[in-house]
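Scroll down for the structure; my scribbles are underneath it.
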Amino acid sequence: ALRIFLLKKLETLRVNTDRAPMAMLLCWLVELYLEKLGSIKDAEEGFDELQDEMRRTLAQPRYKAVLEDCQKTIYNLISSHGSTSDYVYFATLIRDADRVVSHHLSRNEFIAALSYLMKHGSASLIYKFAPTLMEHCPRAAVDAFIQLSARLNPRELMPALVQYETSGASSKNQPNEAIRYLEFCVESSPHTAESAVFNYLLSLYAKYQPDCLLGYLTTHSRSASNGEPRYDVKYALRLCTELGHKEACVFIYTLIGQYEEAVDTALLFDIELAKLNADLPENDDELRRKLWLKIAKHVVQHDKNIEKAMEFLQECDLLKIEDILPFFPPFETIEHFKDAICHSLEEYNQHIDKLKEEMNEATESAQRIRDDILDLRNRHTVVKATQKCSYCRYNLMARPFYIFPCEHGFHADCLLIEISDHISPARRARIETLQARIAAEPSRSTPERYSDTSSLTPSAMLHAGDGPREELVDLIASECVYCGELMVRSVDKPFIPWDDYNATVKDWLI
């Protein structure tokens with residue numbers, strides 16, 4: 001009778017306004033149901049019907065929000081009566097995934113716990129229970145992680161993978177599920193996976209699948225974004241050194257440019273690998289020669305194989321017989337390398353002949369240069385009395401002038417004006433400084449007709465041949481302003497300066 005009254009009373013209350021009374025009445029109802037169920041637990045009839053009635057009452061949608069408010073009280077009531085099935089039902093009803101999964105795990109129902117997590121569990125809840133699931137059902141757990149990869153961060157799952165590895169759940173008789181999951185992460189998103197994922201997969205390969213290690217190091221040695229390895233190179237080198245993976249160590253040494261260490265390591269187990277690494281620094285012949293000498297020394301002194309050492313002379317064009325002779329025993333017979341010595345002497349003779357030819361060519365070139373210098377001393381040009389200045393078109397011989405081999409002639413002051421438009425401000429400033437220094441000098445070495453320096457014409461100041469005057473001539477008259485590089489460099493310069501363009505256009509308007 002009391003249950004019926006409480007049920008009728010609940011129907012009259014509204015969630016929005018009577019939330020607290022509804023919570024109290026629901027808790028009271030649960031207590032009444034549990035007491036009655038406890039009293040008829042061993043009875044053959046009535047138990048299931050009463051339990052279904054309680055569950056239907058709690059499952060009504062209008063009570064969902066109220067149950068969430070008083071869930072702690074209801075949990076305590078159900079626990080006090082020891083009704084495990086009702087406890088799980090209530091946790092499932094309010095989507096309390098943590099309690100549902102914990103219940104399944106306590107009963108060793110790992111697959112059931114994993115299934116519930118996949119359907120209702122959040123990412124944080126999966127991270128929480130991942131270590132337990134990886135320990136007891138690793139294959140199913142990894143399948144779930146791969147299926148939920150869009151929601152999960154591999155970095156957050158790494159503690160579970162580490163615990164799986166250290167707990168001994170993985171063995172040589174079955175696939176390593178941690179490796180399978182990390183391989184999926186690396187292959188499905190190689191550009192976004194974090195370096196910690198690459199490093200941990202590298203360590204697993206080094207410990208459990210060394211046959212895959214070198215291929216993994218090679219595949220991920222260059223990132224698409226910055227060209228750097230996706231894994232920590234120093235960590236990889238330390239790990240491979242500790243575990244004795246020499247071939248992987250050689251690859252890492254070459255990856256970071258430590259070719260000498262790579263060759264030294266390769267010589268411990270594979271001469272051919274050492275040869276391959278010795279030829280890697282293609283742009284550094286000195287380093288290549290040094291590496292090949294290491295290999296030759298190892299073969300002679302450790303392997304005692306003189307014939308094989310002589311083969312290096314054909315394999316590496318940087319080695320000569322005299323380079324490897326110091327490695328041979330003091331009393332070694334010459335018969336083993338007689339042919340190599342003869343071949344080396346022939347090469348030296350050819351080289352000497354080539355040097356002689358080059359010396360003869362250099363001597364002939366030097367003689368031709370001396371002849372050209374003598375010809376330049378006697379070189380002259382004829383200036384006609386009617387020749388005009390190429391700039392002002394007045395008679396060239398009216399004032400001091402410069403004449404160039406191309407037969408362009410300029411008055412000294414005209415050349416200075418013309419060249420000023422084509423030189424840099426720094427060069428122009430240097431010319432003005434030299435003119436001021438020359439103008440300030442005493443006129444003892446300057447002819448009387450050129451003593452007036454107010455016009456600062458350079459050619460009138462060149463008779464003494466001293467430093468400032470020679471520098472001034474080099475700056476002004478080193479080349480023809482119309483035929484030299486100055487004109488070539490100014491080919492893209494407009495005929496009318498931009499500052500004067502508008503004024504010039506106005507002048508030409510009709």
Side-chain angles (χ1 to χ4, degrees), residues 110-111 114-115 117-118 121 123-252 254-256:
F110 303 108
I111 300 300
L114 183 59
S115 300
L117 274 177
M118 292 180 64
S124 60
L125 206 59
I126 295 175
Y127 300 148
K128 176 181 178 181
F129 293 106
T132 304
L133 295 173
M134 282 296 299
E135 183 177 356
H136 294 92
C137 55
R139 184 173 184 81
V142 168
D143 290 339
F145 297 158
I146 292 175
Q147 187 175 344
L148 301 175
S149 59
R151 295 166 48 191
L152 301 179
N153 183 355
R155 187 185 183 92
E156 300 295 334
L157 289 171
M158 286 182 63
L161 302 179
V162 173
Q163 182 173 331
Y164 163 75
E165 177 198 354
T166 56
S167 65
S170 60
S171 66
K172 295 182 179 179
N173 298 327
Q174 60 182 2
N176 191 302
E177 298 300 330
I179 292 179
R180 185 164 71 92
Y181 175 67
L182 293 175
E183 285 177 341
F184 168 79
C185 296
V186 169
E187 292 171 3
S188 61
S189 56
H191 305 307
T192 57
E194 300 183 34
S195 59
V197 176
F198 285 92
N199 290 337
Y200 187 47
L201 180 56
L202 186 150
S203 69
L204 294 178
Y205 276 141
K207 295 175 183 177
Y208 303 108
Q209 297 182 14
D211 294 340
C212 302
L213 179 59
L214 186 59
Y216 175 78
L217 292 172
T218 306
T219 303
H220 300 288
S221 60
R222 290 288 181 269
S223 170
S225 58
N226 55 16
E228 297 294 326
R230 297 307 308 270
Y231 46 81
D232 188 333
V233 177
K234 294 181 179 178
Y235 169 74
L237 180 59
R238 183 173 67 252
L239 184 65
C240 294
T241 302
E242 292 174 356
L243 298 177
H245 300 310
K246 295 184 177 63
E247 191 171 359
C249 291
V250 172
F251 174 79
I252 297 173
T254 58
L255 186 63
I256 60 178

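Just so we're clear, the structure is a prediction, and the values are computed from it rather than from any experiment. This chain uses plain numbering: 1 for the first residue, then up along the sequence.
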Kindly give the heavy-atom pair with the smallest separation between [X] and [Y], and that separation in Å.
{"X": "Thr219", "Y": "Gly215", "value": "OG1-O, 2.7 Å"}
{"X": "Ile126", "Y": "Leu152", "value": "CD1-CD2, 4.0 Å"}
{"X": "Leu239", "Y": "Ser203", "value": "CD2-CA, 3.3 Å"}
{"X": "Ala144", "Y": "Met118", "value": "CB-SD, 3.5 Å"}

* With a 4.0 Å cut-off, would you call Arg180 and Glu183 a salt bridge? ->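 Answer for the salt bridge query: no.
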Would you indicate whether the side-chain heavy atoms of [Y] and [X] approach each other to under 4.5 Å?
{"X": "Leu114", "Y": "Phe110", "result": "no"}
{"X": "His245", "Y": "Leu214", "result": "no"}
{"X": "Glu177", "Y": "Leu161", "result": "no"}
{"X": "Asp232", "Y": "Ser195", "result": "no"}
{"X": "Leu133", "Y": "Leu117", "result": "yes"}
{"X": "Met134", "Y": "Gln163", "result": "no"}

Looking only at atom types and distance, does a side-chain atom of His220 sit under 3.5 Å from a main-chain N or O of Tyr231, one as donor and one as acceptor?
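Absent.
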Any chance you could lay out the side chain to side chain contact (heavy atoms under 4.5 Å, CB included) test for Cys240 and Phe251, step after step, and finish with the verdict? CA-CA 11 Å; Cys240 294; Phe251 174 79; over 6 Å; no
*Report the distance from atom CG of Leu157 to atom OH of Tyr200, rounding to the nearest 0.5 Å.*
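Output value for this atom pair is 11.5 Å.
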Hey, what's the ring geometry for Tyr181 with Phe145, parallel, tilted or perpendicular (30° and 60° as the breaks)?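 Tyr181 and Phe145: perpendicular rings.
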